[in-house]
Amino acid sequence: MVLRDHARILSAIDAAGHIAGRKKLQKMIFISKKLQYPFHEKFEFHFYGPYSEELTLKIEELRNLGLIEELKEKENGCLQYDYSLTDAGYEFLTLYENGLDERLTLCLKELNEQPARFLELVSTVFFFDHLTKPEVIQKIAELKAKQNYSAEEIEEAFAYVGELMENNKPLSMHS
């Protein structure tokens with residue numbers, strides 16, 4: 001079904017309650033995908049870490065269909081976008097019976113409680129998970145110099161990635 005991925009994104013926003021910020025939404029979906037949950041959008045490395053043009057287009061389509069609401073607020077001189085489901089979005093999800101895995105729902109709620117800045121760092125660690133830890137730290141220094149992440153923040157991100165991977169192992173790996 002063509003709308004399966006759209007429904008999954010709607011379910012993700014529903015699970016989180018609402019998501020404050022485009023960057024946060026992008027990072028939550030990317031991290032969930034890296035944890036092997038069924039998100040299929042392609043991501044590339046961008047200014048703020050992993051970014052999916054596909055996800056941006058799907059969000060725009062969902063907004064244009066009236067299934068999600070995108071509230072714009074000025075915060076610290078910048079536009080902040082807040083995403084939540086509309087009544088039509090909730091109705092659409094009732095027609096689409098394939099809800100989210102309970103573990104994914106808990107994961108999304110947990111991710112949504114984290115600041116966007118931290119999720120940007122965590123998603124960067126995940127993006128470069130094929131590299132050694134020192135190489136990832138070097139990439140963060142090169143690509144995220146403006147964010148000025150401290151050594152403590154970077155260690156916290158690595159620890160958080162470990163926790164997420166441990167708590168979100170595919171079911172077949174659970175004993």
Side-chain angles (χ1 to χ4, degrees), residues 5 8-60 62-63 68-84 100 103-168:
D5 288 341
R8 212 169 273 123
I9 293 164
L10 276 178
S11 294
I13 295 169
D14 181 35
H18 75 92
I19 298 173
R22 289 178 173 172
K23 179 168 58 169
K24 184 177 241 187
L25 176 58
Q26 287 271 340
K27 303 316 168 226
M28 289 172 64
I29 299 299
F30 174 76
I31 292 167
S32 298
K33 180 179 178 176
K34 288 298 280 187
L35 293 170
Q36 300 184 1
Y37 289 113
F39 292 99
H40 303 106
E41 294 72 22
K42 291 181 184 81
F43 284 82
E44 295 177 8
F45 203 82
H46 212 256
F47 300 115
Y48 301 108
Y51 171 79
S52 172
E53 182 69 30
E54 278 181 72
L55 179 57
T56 297
L57 292 173
K58 287 175 184 167
I59 292 295
E60 205 171 289
L62 291 168
R63 193 190 70 231
I68 60 171
E69 185 173 35
E70 180 184 71
L71 293 175
K72 297 175 188 173
E73 299 174 357
K74 276 254 185 193
E75 194 174 291
N76 300 328
C78 296
L79 267 183
Q80 171 84 21
Y81 295 86
D82 194 76
Y83 296 96
S84 57
L100 295 182
R103 290 165 38 250
L104 174 54
T105 299
L106 292 172
C107 179
L108 288 163
K109 286 180 181 182
E110 160 72 24
L111 291 172
N112 198 32
E113 291 173 7
Q114 303 301 320
R117 173 183 160 81
F118 183 64
L119 290 182
E120 182 177 339
L121 180 56
V122 168
S123 63
T124 300
V125 170
F126 265 120
F127 191 85
F128 294 110
D129 62 2
H130 60 284
L131 300 175
T132 65
K133 186 175 179 179
E135 289 171 328
V136 173
I137 292 169
Q138 182 60 39
K139 285 282 189 193
I140 291 167
E142 291 169 12
L143 300 170
K144 302 275 158 212
K146 287 184 180 176
Q147 277 74 5
N148 203 21
Y149 289 114
S150 69
E152 293 79 24
E153 287 175 303
I154 293 170
E155 278 305 314
E156 191 179 329
F158 274 98
Y160 191 65
V161 165
E163 282 176 41
L164 286 171
M165 290 174 66
E166 183 61 34
N167 295 336
N168 292 282

(message) Is any side-chain heavy atom of L111 closer than 4.5 Å to one of I19?
(response) no
(request) Run through L164, I29, N168, D129 and flag the one making a side chain to side chain contact (heavy atoms under 4.5 Å, CB included) with K34. (result) D129
(request) Determine the minimum heavy-atom distance between L35 and C107, stating which atoms define it. (result) CD1-SG, 3.7 Å
(request) For Y48, check ring pair (Phe, Tyr, Trp, His ring centres under 6.0 Å) against everything at least two apart and list the hits. (result) none
(message) Measuring from atom OG of S123 to atom CE of M28, what distance do you get when rounded to the nearest 0.5 angstrom?
(response) 12.0 Å
(message) Tell me the closest heavy-atom pair linking F43 and P50, and the distance in Å.
(response) CD2-C, 3.9 Å
(request) Kindly compute the distance separating CZ (F126) from OH (Y160), expressed to the nearest 0.5 Å. (result) 9.0 Å
(message) Contact between L55 and Q26 at the side-chain level, heavy atoms closer than 4.5 Å - yes or no?
(response) yes
(message) Going by side chain to side chain donor-acceptor pair (under 3.5 Å), name the residues that satisfy it together with N148, two or more places apart in sequence or in a different chain.
(response) none
(message) So, using side-chain contact (heavy atoms from CB on, under 4.5 Å) as the criterion, who are the partners of K58 when residues are at least two apart?
(response) D5, H6, I9, E41, E54, E61
(message) Please report the interatomic distance CD1(I140) to CG(L121), rounded to the nearest 0.5 Å.
(response) 5.0 Å
(request) Can you sort out the partners of H40 under ring pair (Phe, Tyr, Trp, His ring centres under 6.0 Å), two or more places apart, ordered by chain and number? (result) none
(request) With the side chain counted from C-beta on, respond yes when E70 and R22 share a heavy-atom pair under 4.5 Å apart, and no when they do not. (result) yes
(message) If you count heavy atoms of other groups shown closer than 6.0 angstrom to CD of E73, is the number above 12?
(response) yes
(request) Any chance you could measure N167, atom CG, to L106, atom CG, to the nearest 0.5 Å? (result) 10.0 Å
(request) Mind listing the closest non-hydrogen atom pair of V125 and A157 along with its distance? (result) CG2-CB, 4.2 Å
(message) Strictly distance-based, threshold 3.5 Å: is any side-chain N or O of R8 a donor or acceptor partner for the main-chain N or O of P38?
(response) yes
(request) Enumerate the residue pairs fulfilling salt bridge (charged side-chain N to carboxylate O under 4.0 Å, His left out) with a member in residues 9-21, sequence neighbours excluded, ordered by first and then second residue. (result) none
(request) Just jot down the side chain to side chain donor-acceptor pair (under 3.5 Å) partners of K133, sequence neighbours excluded, or say none. (result) E155
(request) Please identify each residue that fulfils side-chain contact (heavy atoms from CB on, under 4.5 Å) with Q138, with sequence neighbours left out. (result) E142
(request) Answer whether the closest heavy-atom distance between the side chains of V136 and T124 falls below 4.5 Å. (result) no
(message) If I compare all heavy atoms of I59 with all of I68, which pair ends up nearest, and what's the gap?
(response) O-CD1, 3.6 Å
Enumerate, atom names and distances included, each donor-acceptor pair closer than 3.5 Å involving a side-chain atom of residues 112-120, sequence neighbours excluded.
unit_1 : atom_1 : unit_2 : atom_2 : d
N112   : ND2    : A16    : O      : 3.2
N112   : ND2    : H18    : O      : 2.8
Q114   : NE2    : E110   : OE2    : 3.1
R117   : NE     : E153   : OE2    : 3.2
R117   : NH1    : Q147   : O      : 2.7
R117   : NH2    : Q147   : O      : 3.1
R117   : NH2    : E153   : OE1    : 3.0
R117   : NH2    : E153   : OE2    : 3.1
E120   : OE1    : K23    : NZ     : 2.8
E120   : OE2    : K144   : NZ     : 2.6
E120   : OE2    : Q147   : NE2    : 2.9

(request) Return the set of residues passing ring pair (Phe, Tyr, Trp, His ring centres under 6.0 Å) with F39 (not counting sequence neighbours), or none when no residue passes. (result) none
(message) Tell me every residue that passes side chain to side chain donor-acceptor pair (under 3.5 Å) with E60, counting only those two or more places apart in sequence or in another chain.
(response) none
(request) Using ring pair (Phe, Tyr, Trp, His ring centres under 6.0 Å) as the criterion, list what pairs up with F128, not counting sequence neighbours. (result) F45
(message) Tell me every residue that passes side chain to side chain donor-acceptor pair (under 3.5 Å) with Y81, counting only those two or more places apart in sequence or in another chain.
(response) none
(request) Answer whether the closest heavy-atom distance between the side chains of S32 and L104 falls below 4.5 Å. (result) yes
